[in-house]
Amino acid sequence: MVVSTSGSQDHAERPRLDRPALVALLLGAVGVGYRLVLTLLTVPPSNSDEATFGLAALHIAAGRERPVFLYGQHYMGMAEAYLAAPLVALAGPSWPVLRLPLLALYALFLWLSYRLTRRLYSPWFATFVVGLLALGTERVVRDQLTVVGGRPEVKPAVLAMLLIAVALAEDRVRHRWAAISLAGLLAGLALWSDWLIVPYLAVAGLLLLYAARRDLLGWPGLLLVAGFAVGVAPMIWDNLVAPPGSDSLSVLREVSATAGPPPPWSARVRGGLLEGVPLASGLCPITGCARWQEWFGLLYPVLLAVAGLLALVAYRRTAGLPTARRVRPVAQLALVVGAALTLLAYVRSPLTVTDPLGNARYLSVLQISLPAVLWPLWAAAVACWRGTVGAAGRLAGATATAVLAGLAATAVVATGLFLTGTEAAQDEERQARELADAVRRTGLREVYGDYWTCNRLTFATDERVVCAVLKGALTPGQNRYQPYWDQVGRAERPGYVLAVDSAADRRLRRLLAEQADAATLAEVAGYRVYHPPTAVRPWR
C-alpha cells in the first residue's frame, strides 16, 4: 500500500478554499463554537489548580510577580498565565476570561492539524481528522480548556515545527533563517511549558535536521540554537538559582516515584492502553471506559506499527529522489515515533496504575499523531472503494471503513453524553460562586480552608479574601503561594471555610466546643464559614 499524497500540493496552492477545506472550516467552526459555549458556562468546572494559574495571571498583570513555574513546584511552565494576564488586566478575574487564550490555542491547533495532515496525506482525510478533533468528551475538553498548564500550548508548537521542517525541505519558505529561528524558539518555549512534550520535540528536531541539514551548518544553525535558548531561558535560569533538590529534574523524579514495589507490567498496560488511550481520544466518559469502549486502546499500537511500516515503504520507494520528495514519509514516521515514545513513557510509569482515569491527561499530546494513527485505515478504505485492490484488499478496506465509522460514532455518542450531563458541573460552579459571595459578605479578609477551596476562593474574590490551606487535622497543608499563608498567619482573628462534616470541620468544632455555633457566620453550598473570637491554630 503506497501512501498517497496526490493532489494535496495543487490544492494547497490555490487561493480559494476547495471543498475539503470548506468542510474542514465548517467542522472547525463547530468545534470552536462548542468550546466557546462551554467556556462561557465554565464547563468543565474550575478548581484550585486552575485558580493558581489565574492568581499568577493577576500578579503578572499587576507587575507583582514574574513566575517561571507554577507556584509551589518547579516543572510546569507558566505560559498560560502570561497569555491570560492581559485579558485579566482588562476584564478582571473570571474563569471564561482566564480560558479564552486556550480557546484560541485550540483553534490554532485545529488549523495546524489540518494543514499538516493535508500536506502529508490527503485533503479529505485532513477534513475527517478535523471532524474528530472538533468533538470532545469531558476528558478531552478539560485538557484543552482548563488552565492547568502545558498541553494546550505545546501541541500547536510541535505542529508548527513539523510544518516548518516540511516547508523548508520543499523549498516553500521565503525567509528560511527566520523560519529556523522560529522553530528553535517554539521548541524552547514548549520544553519550558511542559516536559511531556520531549518525545515530540526530539522527533521534530530530527525532522528539522533532515529537512534543512545544509542550512544548519551555517548561521541558521546558530539561530536555531539561539531561538531555543531564548525560549527555554526562564527554565534554565530558575534551575540555576533553585536550592538543592528543588530543580526541575529532582522534583520530577520525586513526583514520579511511588512507595512500595513497582506495579506489574500487565496492570500498567491495562491502565495505559485500555483506559488511557480511549479516554485521551474522547471515546469514554471521564469516569472510565466500559469494556466495549476499550477496543481502540488495543488497536492503537497495531495502527502505529502499520503506519510506521507504510512510512518506511514510502521512504524506500523514493530512494534517490531529492529531499523535497522524501520529507513527507519522514515526517509521517516522526509522528509515529513521537506517539510511540510518549505511550511507552506513560506505560512505564506507575501513574497508569495508581490513577489511570486522572492521569490519562498525560496522553492528550497523542492528538498530534492522530492523522498518522488513522491513516492506514483511511488508505485501506479508499483503496477498497476505488476498486484498486483484490478480494483480500476489499475485505480489509471494508473492515477499515467499519472501524473508522465505529470510531467516529463512538466519539459522537461520547460527546453527546457529556453534553447531556453538564448540569452537575454547572451546579458545582454555581455553588462555588455562592460560597465566594457568602464569604465576601461576612467581611472576612483572611481565612483558612482545604486545598480545593482556597485558591479557587481567592481567585473568585479577586484576592479580597485570602485563603491559606490546612489539612484535615488543622495542620498546614499544600500552600502553593507562601505570601497567602503568611498573611493569614498574621491575622488576629482568621476565619475558617470548611466543608460541612469534613475532618477539618469536626476538628474545629471540637476545639471551639460550646462556642462552635456562635462562631458560625454562614452555612452555604455545603460549607460552614466560621469566625472564632480568637485565632485557632493548633499547630503552633
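We count residues from 1, following the sequence as given.
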(request) Taking the side chain as every heavy atom from C-beta outward, state whether L207 and V203 have any pair of such atoms under 4.5 Å apart. (result) no
(message) With a 4.5 Å cut-off on side-chain heavy atoms, are T42 and P96 touching?
(response) yes
(message) Can you give me the closest heavy-atom contact between A436 and L457, atom names plus distance?
(response) CA-CD1, 3.6 Å
(request) Please tell me if the side chains of I197 and I368 come closer than 4.5 Å, counting only heavy atoms from C-beta onward. (result) yes
Per-pair distances, 0.1 Å, donor-acceptor, side chain in residues 390-398, under 3.5 Å, sequence neighbours excluded:
residue: R394; atom: NH1; partner: V389; partner atom: O; Å: 3.4

(message) Taking Y114's backbone N and O only, do any of them form a donor-acceptor pair with T117's side chain (distance below 3.5 Å, no angle check)?
(response) no
(message) Among residues at least two apart in sequence or on other chains, which ones pass side-chain hydrogen bond (donor to acceptor under 3.5 Å, both in side chains) with R361?
(response) none
(message) With side chain to side chain contact (heavy atoms under 4.5 Å, CB included) as the criterion, how do L120 and L335 come out once you've worked through the C-alpha distance, each side chain's angles and the decisive distance to 0.1 Å?
(response) CA-CA 11 Å; L120 298 184; L335 291 175; 4.0 Å; yes
(request) Return the minimal non-hydrogen interatomic distance between Q431 and A525, and the atom names on each side. (result) O-CB, 3.4 Å
(message) Test your reading of the model: is there a side-chain donor-acceptor pair from E50 to the backbone of V147, 3.5 Å cut-off?
(response) yes
(request) Sort and list the pairs that fulfil salt bridge (Lys or Arg N to Asp or Glu O under 4.0 Å) and have at least one residue in residues 340-352, not counting sequence neighbours. (result) none
(message) So which atom in G272 and which in L343 form the shortest heavy-atom distance, rounded to 0.1 Å?
(response) O-CD1, 4.4 Å
(message) Please check if the number of heavy atoms outside W385 that lie under 6.0 Å from its CH2 is greater than 12.
(response) no
(message) Does either side chain, that of N47 or that of Y451, offer a donor lying less than 3.5 Å from an acceptor on the other one?
(response) no
(request) Taking the side chain as every heavy atom from C-beta outward, state whether V365 and V158 have any pair of such atoms under 4.5 Å apart. (result) no
(request) Under the side chain to side chain contact (heavy atoms under 4.5 Å, CB included) rule, what do R328 and Y121 come out as? Steps first, then yes or no, please. (result) CA-CA 8 Å; R328 295 189 189 185; Y121 299 102; over 6 Å; no
(request) Could you pull out all residues at least two apart from R326 that satisfy salt bridge (charged side-chain N to carboxylate O under 4.0 Å, His left out)? (result) none
(message) More than 12 heavy atoms of other residues, nucleotides or ligands under 6.0 Å from CZ of R480: yes or no?
(response) yes
(request) Any pair with a residue in residues 190-212 that passes side chain to side chain donor-acceptor pair (under 3.5 Å), sequence neighbours left out, goes on the list, sorted by first then second residue, please. (result) E153-S193, Y200-S369
(request) Heavy atoms only: give me the nearest G308-V336 pair and the separation to one decimal. (result) N-CG2, 3.8 Å
(request) Compare all side-chain heavy atoms of L351 with those of Y362 and state whether any distance is below 4.5 angstrom. (result) yes
(message) If you define the side chain from C-beta out and look only at heavy atoms, does anything of Y71 sit under 4.5 Å from N455?
(response) no
(request) Indicate yes or no: does K155 engage D143 in a salt bridge with an N to O separation below 4.0 Å. (result) no
(request) Could you walk me through whether I286 and L357 pass the side chain to side chain contact (heavy atoms under 4.5 Å, CB included) test, one step at a time? (result) CA-CA 7 Å; I286 200 167; L357 303 183; over 6 Å; no
(message) Applying side chain to side chain contact (heavy atoms under 4.5 Å, CB included), can you list everything that pairs with P45, at least two apart in sequence or on another chain?
(response) R142, A425, E428, E429, R456
All N/O donor-acceptor pairs, side-chain side in residues 275-283, below 3.5 Å, sequence neighbours left out:
residue: E275; atom: OE1; partner: C289; partner atom: N; Å: 3.4
residue: S281; atom: OG; partner: V277; partner atom: O; Å: 2.7

(message) Restricting to side chain to side chain contact (heavy atoms under 4.5 Å, CB included), what partner residues turn up for T352, sequence neighbours left out?
(response) R268, Y346
For residues 124-133, which side-chain N or O atoms pair as donor and acceptor with protein atoms under 3.5 Å away, sequence neighbours left out?
residue: T127; atom: OG1; partner: P20; partner atom: O; Å: 2.8
residue: T127; atom: OG1; partner: P123; partner atom: O; Å: 3.2

(message) For R433, give me all partners under side-chain hydrogen bond (donor to acceptor under 3.5 Å, both in side chains), at least two apart in sequence or on another chain.
(response) none
(message) Could you tell me if the side chain of L41 sits less than 4.5 Å from the side chain of T422, heavy atoms only?
(response) no
(request) Kindly state each residue pair satisfying side chain to side chain donor-acceptor pair (under 3.5 Å) with at least one member in residues 19-39, sequence neighbours excluded. (result) R35-Y106, R35-Q144
(request) Quick one: which residue pairs count as a side chain to side chain donor-acceptor pair (under 3.5 Å) with a foot in residues 285-298, not counting sequence neighbours? (result) R270-E294
(request) Could you check if a side-chain atom of P301 sits within less than 4.5 angstrom of a side-chain atom of L273, using non-hydrogen atoms only? (result) yes
(message) Using every non-hydrogen atom in the two residues, find where V302 and L298 come nearest and quote the distance to one decimal.
(response) CG2-O, 4.0 Å
(message) Please evaluate residues V347 and W265 with respect to the criterion side chain to side chain contact (heavy atoms under 4.5 Å, CB included), reporting the C-alpha separation (whole Å), side-chain torsions for both, the decisive distance (0.1 Å), and the verdict.
(response) CA-CA 8 Å; V347 170; W265 271 97; 3.6 Å; yes
(message) Working to the nearest 0.5 angstrom, can you tell me the gap between L404 CG and W378 CH2?
(response) 7.5 Å
(request) State, to 0.1 Å, how close A190 and V154 come at their nearest heavy-atom pair, and which atoms those are. (result) O-CG1, 3.6 Å
